[in-house]
Amino acid sequence: MAEEVKLFGAWGSPFSRRVEIALELKGIPFEYIEENVSDDKFKSPLLLKYNPIHKKVPVLLHNGKPVLESLIILEYVDETWKDNPILPEDPHERTMARFWARFIDEKCMPPVWKALLGTGEEREKALEEVRECLKTLEGVLNGKRFFGGETIGLLDIAANFIAFWLRVIQEVSGLEFLTADKCPVLIKWCDEFVSCNPVKEHLPPRDKLIAFMKNWLSGDGWTD
Amino acid sequence: MAEEVKVFGAWGSPFSRRVELALQLKGVQYEYIEEDVHKNKSPLLLKYNPVHKKVPVLLHNGKPIAESLVILEYIEETWKGNPILPEDPYDRAMARFWAKFIDEKCLPAIWKAGWSPESEREKPVEEACECLKTLESALGGKRFFGGDKVGMVDIAANFIGYWLRLIQEVTGMELLSAEKFPELFKWTDEFVSCSVVKGSLPPRDKLLAFFKARIAETMD
């Protein structure tokens, strides 16, 4: 039976780009459906049907069945298509990859938004939080080329936000989250990551993202 | 080599009880270390979980793992007997989705509803009810979320299966009732009467006393 793989995503979303990278890595052809996520009223009926609870991208549709939440989708992709595994074999290493991926989503990202949108002391506190997280991730990388070792793995993919979006945010806001003096290995990893094959076609156009962020920060709203 | 399995937990924590339940389901022997999570976390706990400084932590042959759902996945992959995740990748993805939904949406909503003063309870209870309604739909008429046997989602829902009813008793808040959520209510009975689950729950009186004390504290 021919496989039907569709991905509902948004051009600027690091979460939906994660899934694209994983599918690319494994050589899985898929149909991409761009969603306007700026407001629920613009989201397609299909997206709302497949993800009624969270109403978000990404949604992976595999032979008609929807899989939700980017990290869960990554695990699903890894279990369904066995070539070029993105998780190591050893249970402890797999577990640590999962742990750090969650750390990125739950601990690293929220203070980035807080720092961007906050002022004064709140901003400083959030900025410091992000820096602590990045320092921790620098330690996790431990001099390796990628978190996954010689090739990118689930944790590298989960860290796509840091490699690309965070650096755009730094440029637009002037806030220094990630610096070469504190996190030299992580900075090097960012460059390696964005230039490697499965990733480079699956990043938003830089200028478009910069314009979008400038627009959003200036209070002109969330427009596509 | 003899396996060394330790669990750093707290008697009243549903999160650390999840880990104990999974180990007991799989017949894994472990040493339990009680942590005083409110006043005095041990240096070992802080060493093994420097990022979150929380229980549970599973120590397996000296290697620590933190975060209850992450630990459950590790347990599943390490000890293959009595699987808590289905085999099919899609079913596994759904189980992970529901476990995440429980932690990210259900528990915070229930906790908020439970501890809101009576005058401010209406909206939090409404939101928590929405969560429970959604969760009930995931049960889909099955005996357990895992089908015929307790699985990862049942384990993740332990708070709803046991702690919630005690909170309701102490606060007078009515969230989960047989009238409103017949299937989910029936599941709570099935869940707590499973022999393995029974052994993994905190003592009822002790937990009731703990909740009552908490209410008294917040009134001060």
Side-chain angles (χ1 to χ4, degrees), chain A residues 3 5 19 22 50-56 58-82 87-108 110 129 132-137 139-140 154-155, chain B residues 3 5 19 48-54 56-80 85-106 108-109 130-138 152-153:
Chain A
E3 289 230 270
V5 182
V19 180
Y50 291 131
N51 192 356
I53 297 172
H54 301 298
K55 304 179 175 51
K56 287 180 173 175
V59 173
L60 181 78
L61 204 66
H62 184 206
N63 296 331
K65 290 177 168 179
V67 187
L68 314 174
E69 306 277 283
S70 64
L71 295 184
I72 294 177
I73 299 173
L74 291 187
E75 297 241 24
Y76 175 81
V77 168
D78 207 40
E79 288 176 359
T80 304
W81 294 283
K82 307 280 191 188
L87 275 174
E89 279 210 37
D90 170 69
H92 190 260
E93 283 178 41
R94 292 163 76 85
T95 298
M96 291 320 292
R98 288 180 179 127
F99 175 83
W100 291 118
R102 286 168 66 120
F103 173 78
I104 288 170
D105 277 3
E106 293 171 13
K107 294 278 172 214
C108 294
E129 255 183 78
E132 276 303 309
C133 286
L134 295 175
K135 196 150 153 260
T136 302
L137 286 173
V140 175
L154 184 136
L155 184 50
Chain B
E3 288 229 275
V5 184
V19 174
Y48 290 134
N49 191 1
V51 171
H52 302 294
K53 305 179 176 48
K54 288 180 173 176
V57 170
L58 179 77
L59 202 68
H60 184 209
N61 295 332
K63 290 179 172 175
I65 299 144
E67 302 279 276
S68 65
L69 295 186
V70 173
I71 297 172
L72 291 188
E73 296 254 12
Y74 177 79
I75 290 173
E76 175 71 349
E77 289 179 349
T78 306
W79 294 282
K80 307 279 189 187
L85 273 176
E87 276 208 43
D88 175 72
Y90 185 77
D91 295 337
R92 291 162 78 85
M94 287 316 295
R96 287 175 174 135
F97 174 83
W98 289 118
K100 192 165 187 246
F101 175 77
I102 286 167
D103 270 3
E104 291 183 0
K105 299 279 177 218
C106 289
E130 272 307 303
C131 285
L132 291 182
K133 190 157 153 244
T134 304
L135 198 59
E136 189 170 63
S137 73
M152 182 179 280
V153 181

Check your understanding: In Å, rounded to the nearest 0.5 Å, how long is the span from CG of A:Leu71 to NZ of B:Lys100?
Key -> 6.5 Å
Could you go through residues 100-107 of chain A and list every donor-acceptor pair under 3.5 Å that involves a side-chain atom there, pairing it with any protein atom two or more places apart or in another chain?
{"unit_1": "A:Asp105", "atom_1": "OD1", "unit_2": "A:Arg18", "atom_2": "NH1", "d": "3.4"}
{"unit_1": "A:Asp105", "atom_1": "OD1", "unit_2": "A:Arg18", "atom_2": "NH2", "d": "2.7"}
{"unit_1": "A:Asp105", "atom_1": "OD2", "unit_2": "A:Arg18", "atom_2": "NH1", "d": "3.2"}

Exercise for review: Start with the C-alpha distance between B:Ile65 and A:His92, add both sets of side-chain angles, then the distance that settles side-chain contact (heavy atoms from CB on, under 4.5 Å), and finish with yes or no.
Suggested key: CA-CA 8 Å; B:Ile65 299 144; A:His92 190 260; 3.9 Å; yes
Review point. Taking only residues two or more places apart in sequence or in another chain, which ones pass salt bridge (charged side-chain N to carboxylate O under 4.0 Å, His left out) with A:Glu75?
Key: A:Arg98, B:Arg96
Point to revise | B:Lys53 side-chain N/O to B:Pro50 backbone N/O, donor-acceptor pair under 3.5 Å | key: yes
Practice item. Could you check whether the rings of B:Tyr74 and B:His60 sit parallel, tilted or perpendicular, using 30° and 60° as the cut-offs? Key: perpendicular
Point to revise | Residue A:Pro66 versus chain B: region with a heavy atom under 4.5 Å | key: both
**Study point:** Leading residue by heavy atom contact count with chain A [cutoff under 4.5 Å; candidates B:Thr78, B:Leu69, B:Ile71, B:Val51]
**Key:** B:Val51
Practice item. Return the option, out of A:Ile53, A:Ile73, A:Thr80, with the maximum number of heavy-atom pairs under 4.5 Å with chain B. Key: A:Ile53
Practice item. Please list, chain by chain and in numerical order, all residues satisfying side-chain contact (heavy atoms from CB on, under 4.5 Å) with A:Lys65, sequence neighbours excluded. Key: B:Tyr90
Revision key, fill the gap. Within residues 130-138 of chain B, contacts to chain A at heavy-atom distances under 4.5 Å involve B:Thr134
